[in-house]
Amino acid sequence: MKKAVIFLLCALGGAFVGYLMFRFLGCPTGACPLRSSAVNSVLYGAASGCFIGYVLVKE
């Protein structure tokens with residue numbers, strides 16, 4: 001159970017960082033595939049958080 005909580009917190013933290021990246025570093029022209037859409041930024045951030053969470057909870 002503790003591992004799942006750490007994994008979930010990392011994913012949520014990554015999603016939050018992805019949104020902040022979109023909000024403050026967004027691409028005004030829309031040519032940047034990662035930062036042009038809030039959904040893309042949040043999903044990429046959550047995926048990055050999942051990878052970090054996987055490394056943290058791996059035995």
Side-chain angles (χ1 to χ4, degrees):
M1 182 69 171
K2 184 178 178 181
K3 291 179 182 182
V5 171
I6 292 172
F7 190 77
L8 181 64
L9 287 176
C10 288
L12 290 175
F16 182 68
V17 170
Y19 176 75
L20 290 178
M21 188 173 73
F22 165 75
R23 179 76 172 111
F24 295 110
L25 301 174
C27 187
T29 62
C32 313
L34 180 60
R35 296 184 308 212
S36 63
S37 167
V39 174
N40 287 345
S41 294
V42 168
L43 289 176
Y44 279 115
S48 299
C50 286
F51 291 134
I52 292 170
Y54 177 75
V55 169
L56 291 177
V57 300
K58 187 177 177 185
E59 291 182 329

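These numbers come from a predicted model, not from an experiment. Sequential numbering from 1 along the given sequence is applied to the chain's residues.
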field: Verify same cluster id: Met21, Tyr44 (apolar side-chain graph, 4.5 Å)
entry: yes

- line: Heavy-atom closest pair (Phe7 atom, Cys50 atom, distance to 0.1 Å) is CE1-O, 3.3 Å

query: Hey, what do you get for SG (Cys32) to CG (Asn40), rounding to the nearest 0.5 Å?
result: 11.5 Å

query: In terms of hydrophobic clustering (I, L, V, M, F, W, Y; side-chain heavy atoms under 4.5 Å; direct or indirect links), are Val39 and Phe16 co-clustered?
result: no

